[in-house]
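Take a look at the structure set out below.
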Amino acid sequence: MDKEIIVSIKNLTKTFAGHTVLDNLNFDIYKNTITTILGFSGAGKSTLLKHILGLLKPTDGVINVLGKNISKMNSFETREFRQNFGMLFQYAALFDSMTAFENTAFPLREFTKLPEYEIHKRVTELLLSVNLQEIAFNKLPSELSGGMRKRVGLARALALSPQIILYDEPTTGLDPITTRMVNELIKSTALKHKERGLTSIVISHDVRATLEISDYVAFLDHGKIIEYLPALEFANSDNPLVKSFINL
């Protein structure tokens, strides 16, 4: 049976002031998988992520997300459509003045009309699901460890039951123990939400983590996809640049 395509990228090109950042990209991302966009800094990974979110419009080509051309939407349609996404930012990007609980509740209060008791129940479930202890619920981000902030960021990203969750360099700046915890959290989150078909897209330059958690890996270099394979095949790629990157 054919896999269901959740993101379809056709001839995607993006230029800024005559400089090509994304160069004629063609690949699909499948439902219910963890797909990692791997590459050196400056390869165009973040620019690609912004196109998937509809924050940037292509210079040329088409990007369809959940069957819709996101670049053709107006600002209101785009804002509504983004509720299909959850986003875990590089440094969690929590609101400094809000507790862990309030940060997680924010999207529910912003985008739904749920009564407060339902929000309280949902937020409690979310924070427990990412293994945050209740003692930390009412702490500010400054009182949390890096790993705990990631857990809160992930709970917030899952608040609206998104169909796609995006991770932007999720292990950057973390120590090895916390890095492993985050990688396990990505895998366990995908597994917990497998029945409803959650699709995970990870932006990373961490080869080891990529090969441990991913179903598919796309290698982006100077704005071009030079390899896109299931993770096991990617690990054994004959492409010289991929081989050198893996062996760094």
Side-chain angles (χ1 to χ4, degrees), residues 1-9 27-38 45 48-49 52-53 63-68 70 81-90 92 104-105 107-108 111-112 114 118-119 121-133 147-171 174 178-204 206-218 228-235:
M1 189 171 73
D2 290 342
K3 298 184 182 73
E4 184 178 342
I5 295 170
I6 211 88
V7 178
S8 177
I9 296 168
F27 71 107
D28 297 322
I29 294 173
Y30 303 107
K31 184 176 181 177
N32 221 349
T33 61
I34 300 175
T35 297
T36 298
I37 315 298
L38 190 67
K45 303 189 299 294
L48 176 56
L49 188 69
I52 293 171
L53 281 165
I63 178 162
N64 286 313
V65 181
L66 300 171
K68 296 182 179 180
I70 195 167
F81 189 72
R82 285 201 193 112
Q83 293 181 45
N84 292 299
F85 296 98
M87 180 83 190
L88 181 61
F89 297 93
Q90 189 170 129
T104 307
L108 294 167
F111 293 104
T112 76
L114 289 174
E118 284 285 356
I119 290 175
K121 180 184 176 185
R122 173 75 174 146
V123 170
T124 300
E125 289 171 350
L126 284 163
L127 289 171
L128 291 175
S129 78
V130 297
N131 301 319
L132 191 78
Q133 296 181 348
M148 292 166 80
R149 286 194 292 272
K150 290 284 187 180
R151 292 181 192 277
V152 176
L154 181 55
R156 184 178 65 182
L158 291 166
L160 297 175
S161 300
Q163 296 189 56
I164 302 169
I165 187 160
L166 303 115
Y167 298 88
D168 183 17
E169 299 281 6
T171 59
L174 299 179
T178 308
T179 294
R180 178 170 290 278
M181 179 277 291
V182 171
N183 290 333
E184 289 173 352
L185 198 56
I186 293 171
K187 287 178 69 174
S188 64
T189 298
L191 190 61
K192 284 176 185 175
H193 296 269
K194 191 175 182 66
E195 281 192 18
R196 67 178 186 84
L198 179 68
T199 302
S200 306
I201 302 173
V202 184
I203 300 294
S204 183
D206 186 335
V207 178
R208 180 177 295 180
T210 293
L211 296 178
E212 285 178 358
I213 69 172
S214 305
D215 297 303
Y216 290 89
V217 183
Y228 181 44
L229 293 167
L232 185 59
E233 292 178 36
F234 184 88

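For the pair Ser214 (side chain) and Leu211 (backbone), a donor-acceptor distance under 3.5 Å is absent. Checking side-chain atoms of Asp168 against main-chain N and O of Phe89 turns up no donor-acceptor pair under 3.5 Å. Panel note: side chain Asn32, backbone Lys194; a donor-acceptor pair is recorded below 3.5 Å. Counting only distance, with no hydrogens or angles, the side chain of Arg82 and the backbone of Leu53 share a donor-acceptor pair below 3.5 Å. In terms of modelled atom types and a separation under 3.5 Å, the side chain of Arg196 and the main chain of Pro162 share a donor-acceptor contact.
Distance check: Ser129 OG to Leu158 CG gives 6.5 Å after rounding to the nearest 0.5 Å. Note that CG of Leu38 and OG1 of Thr210 are 4.5 Å apart. Values are rounded to the nearest 0.5 Å. Atom-to-atom distance recorded for Lys3:NZ and Ile29:CD1 is 14.0 Å, nearest 0.5 angstrom. The distance from atom CG of Leu126 to atom CG of Leu108, rounded to the nearest 0.5 Å, is 7.0 Å. From Leu198, atom CG reaches atom OG1 of Thr33 across 9.5 Å, with rounding to the nearest 0.5 Å. To the nearest 0.5 angstrom, Lys68 atom NZ is 15.5 Å from Ser8 atom OG.
Residues Asp206 and Ser204 form a side-chain contact, since some pair of their non-hydrogen atoms from C-beta on lies under 4.5 Å apart. The shortest distance between side-chain heavy atoms of Glu169 and Lys45 falls below 4.5 Å. Put simply, the side chain of Leu48 reaches to within 4.5 Å of the side chain of Ile9, judged on heavy atoms. Residues Leu49 and Ile37 have side chains not in contact (no heavy-atom distance under 4.5 Å, counting atoms from C-beta outward). Residues Ile186 and Pro170 meet the side-chain proximity criterion, which asks for heavy atoms closer than 4.5 Å. Side-chain contact between Ile63 and Ile70 is present, with heavy atoms from C-beta onward closer than 4.5 Å. Put simply, the side chain of Leu160 reaches to within 4.5 Å of the side chain of Thr112, judged on heavy atoms. The shortest side-chain heavy-atom distance between Tyr30 and Ile5 falls under the 4.5 Å cut-off.
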TODO: Please report the C-alpha distance between Ile165 and Leu154 in whole Å, then the side-chain angles of each, then the deciding distance to 0.1 Å, and finally whether the side chain to side chain contact (heavy atoms under 4.5 Å, CB included) criterion is met.
DONE: CA-CA 9 Å; Ile165 187 160; Leu154 181 55; 3.4 Å; yes
Open item on the list: Using side chain to side chain contact (heavy atoms under 4.5 Å, CB included), reason through Thr178 and Lys150 one step at a time and then give a plain yes or no.
Closed with: CA-CA 9 Å; Thr178 308; Lys150 290 284 187 180; 5.6 Å; no
Task: Step-by-step side chain to side chain contact (heavy atoms under 4.5 Å, CB included) determination, Gln163 to Thr199 - done: CA-CA 6 Å; Gln163 296 189 56; Thr199 302; over 6 Å; no
Open item on the list: side chain to side chain contact (heavy atoms under 4.5 Å, CB included), that's the test. Do Val182 and Tyr167 meet it? Break it down for me.
Closed with: CA-CA 11 Å; Val182 171; Tyr167 298 88; over 6 Å; no
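Considering all non-hydrogen atoms of both residues, Leu127 and Ala155 come closest at CD2-CB, 3.8 Å. Minimum interatomic distance between Ala190 and Ile34 (heavy atoms only, all atoms of both residues): CB-CD1, 3.8 Å. Ile119 and Ala105 make their closest contact through CG2-CB, 3.9 Å (heavy atoms, listed as atom of the first residue, atom of the second, distance).
Note on ring orientation: taking the six-membered ring where Trp is involved, the planes of Phe27 and Tyr228 are perpendicular (angle over 60°, cut-offs 30° and 60°).
The 12-atom threshold is not exceeded at NZ of Lys121, counting heavy atoms of other residues, nucleotides or ligands nearer than 6.0 Å.
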